[in-house]
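Here is the naming used below: chain letters follow the sequence lines, and residue numbers restart at 1 for every chain. Since this is a predicted model, take the numbers as computed values, not measurements.
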Amino acid sequence: MARNITPRKENYSQWYLDVIKAAELADYAPVRGCMVIRPTGYSIWENIQAKLDSEFKKTGHVNAYFPVLIPASFFQKEAEHVEGFAPELAMVTHAGGEELEEPFAVRPTSETIIGHMYSKWIQSWRDLPVLINQWCNVMRWEKRPRLFLRTSEFLWQEGHTAHETEKEAREETLKMLEVYRKVLEEELAIPVLSGEKTAGERFPGAVDTYTCEAMMSDTRALQSATSHFLGQNFAKAFEIQFQNREGELSYCWTTSWGLSTRSVGALIMTHSDDDGLIIPPRIAPVKAVILPISKDESIAENEILPKAKELSAKLDDELGGMFTKVDTDFHARPGDRFFAHLQKGVPLRLELGEKDLAAGTVRIVRRDTGEKIDVKNEAVITTVKKLLDDIQSNLYARAKNFRDENTRDASSYEELKEIIENKGGFVRAYFGGTPEDEVRIREETGATPRVVLPGGNNGKCIITGNDGARLTVFAKAY
RNA sequence: CGGGGCGUAGCGCAGUCUGGUUAGCGCACCUGCUUUGGGAGCAGGGGGUCGGAAGUUCGAAUCUUCUCGCCCCGACCA
C-alpha cells in the first residue's frame, strides 16, 4: 500500500492531488490557479494530442495558429458570448510602458478572432468549407482552480469550421463529437455518454452544444469534450458572409469543438487507485518498464542489463516505437523501484533477475490487477502485446461497469432528489424544463443536467409534467 | 466573494499560548559499509534565519499592526 497517497475513501480531493504529486504529473506554479505540467504529465498530453490530431487530419482539418491577444471589443459583438465570458477574462491594459487605448483580452477561446479572420478570407461558396483547428493555451480566470480539471491557464485544441449550409455544419458538429467519443473510449479507455447539452448548459453563443460526459470514480460527472453548432450567430456578429450558388450574399454556418488538458484529469480520476496512477497502455508514455534485479550491483549491470536492453529493443521494435524503459537504478532496492513505477502508472513491469535468467523466464506484473506471471523468454513478446491489450480493455470495462452500477432511473423529481442525495452517481430522468428549472434543480439537489441521451424523446417531464420530454442524465459535476 | 485551515530545510511537522544560549524531529538527499524478488539497517554528513514589511523589547520563529500567498469547504463557472 502506498504510504504517501491518501486513500480514496478517506478524502477524494486529497487522493487526487496525492496521485498527481506521486506520479510527478504537475506542480503548482507561483501564480494562483496556474500549474506546471511536468514531463510525465506532458507526455500523456502529447499522446492524447497525437491521437486526436491524426483523427482531425483524417477528417480533413488543417492546423493553424491565431494570436493569444484579442481586442476586448470583439467580445462585445456577440451578446451571449460577452455575458458568458466577461467574468473570466484576463485583460492586458498596459504594454510598452504605456496604457493601451483599447485593452486586449487574453484568449479564453477564439471564436471572435477567428470569426474576424474568416470574414476576410471567405468570399464565395467556393471557399467553403473552412476546416481549421488550433492547438494552444487559453486563459479563464477561475475562482476555484484544481490541477488539470480547472486551471486559469490550460492547453487544448479548438476546431473552428465554416460551412455553406446548416445541414453541413450540423453534420460537422456531430462528426467531431464522434471523434472525441472514439478517442476518449478507445485510447483513454474512458467510457462516455455523448449527446446534447440542455439550454442552461449551452456554450455562450451556441445554438446547440454537445458533450462527452464521463463518470469519475467518486461518481461525479466530468465534461471531457464539447462540440458546438453555432448556427449563424458568430457569422452575423463578425459578418462572415459569402456569395452562394444563386449569387446571393448569405451568412456562413459555423461550428467549434474542443478538448483540453482536463482530459488528463479525467484519465487520472477514471482509472487510478490507492497505489497511485494507472494509465491505459495506448496513452502511457512508457508501456513497460524492465528492471534488472540482483543482490550484486555488478551482476545487475554487467550480466543482466545487456539482456534487459536486448529485450527492450526487441519490444520497442515489435510495439512500433520507443515504448519500454530499462530501469538502471541498481543501487535502490527492488521494493523502492517497484513502487516508483507503480505510482507512475506504468502498465507492465518486467522483472529480470538471476532466477529468471537461470530459468529462461521473465516475471511480468500487471499494474491494473497486480497479477504476476513468469513467462518463458520465447513467449515474452507475444505475452506483453496481449497483456497490454488486456489491460486496455480491462480498464475500459472496469470503468464502464462502475458507471453502469452507479446509474439509476428516476420517474419523479422526488426520486431524483432522493437518489442524488443518498446514492450519487448518474440519474436518468425525463426532462423538458427551462434553464430556470435547471437552476432550481441545481439549488435544491446540487445536480445539473449533464447530457441529453440520443433517442427516447417521449417521456413525461419530472418537473413540468409535460409530454415530449427528453431522457436526460443528471449528476453532480466537476 | 463567504467560512475554515496554514505559511519554520526538498516534503511533512514540533517549537509560538508563558519572548532568552549555536532553531529541533521524521522522511528525502550526500558518503561509506552491510543489504537487495513488494517501501532495509548502521555510522557519518550537507541543507533553514522561521512567507514579507513595520513596530514593541536589552533580546522576536514566539508579542502588535499591516501585507502577500497557499490548501480545503461553499457560492460562482462551458
Exercise. In whole Å, what is the span from the NZ atom of A:K21 to the C1' atom of B:C27?
Worked result: 12 Å
For this session: Can you check whether any acceptor in the base of B:G38 is under 3.5 Å from a donor in the side chain of A:K372, or vice versa?
Result: yes
Exercise. Quick one: is A:S13 getting a side-chain N or O under 4.0 Å of the B:C73 phosphate, OP1 or OP2?
Worked result: yes
Exercise. Can you list the steps and then say if A:R146 with A:T151 is a side-chain hydrogen bond (donor to acceptor under 3.5 Å, both in side chains)?
Worked result: CA-CA 6 Å; A:R146 266 168 134 315; A:T151 46; over 6 Å; no
Exercise. Ignoring hydrogens and angles, does a donor from either the side chain of A:D356 or the base of B:G37 sit under 3.5 Å from an acceptor on the other?
Worked result: yes
Exercise. CD1 of A:I293 versus P of B:U35: gap in Å, rounded?
Worked result: 18 Å
Problem set entry | Salt-bridge criterion met for A:R450 and A:E201 (N-O under 4.0 Å) | yes
Problem set entry | Watson-Crick or G-U wobble partner of B:A53, both distances under 3.5 Å | B:U65
For this session: Name the closest nucleotide to the A:F338 side chain, picking from B:G37, B:U36, B:C77.
Result: B:G37
Exercise. Applying the ring-ring contact (aromatic ring centres under 6.0 Å, His included) test to A:W257, which of A:Y210, A:F229, A:F56 qualifies?
Worked result: A:F56
Exercise. Taking the side chain of A:F339 as its heavy atoms from C-beta onward, which of B:G38, B:C72, B:U36 lies nearest to it?
Worked result: B:G38
Exercise. Think A:R442 has a side-chain N or O under 4.0 angstrom from the OP1 or OP2 of B:C76?
Worked result: yes
For this session: Answer yes if the ring centres of A:F238 and A:H116 are under 6.0 angstrom apart, and no otherwise.
Result: no
Seminar exercise, completed: Judged by nearest nucleotide, the residue sitting upstream toward the 5' end of RNA chain B, A:G84 or A:N11, is A:N11
For this session: Respond yes when some side-chain nitrogen or oxygen of A:R144 is under 4.0 Å from OP1 or OP2 of B:A75, and no when none is.
Result: no
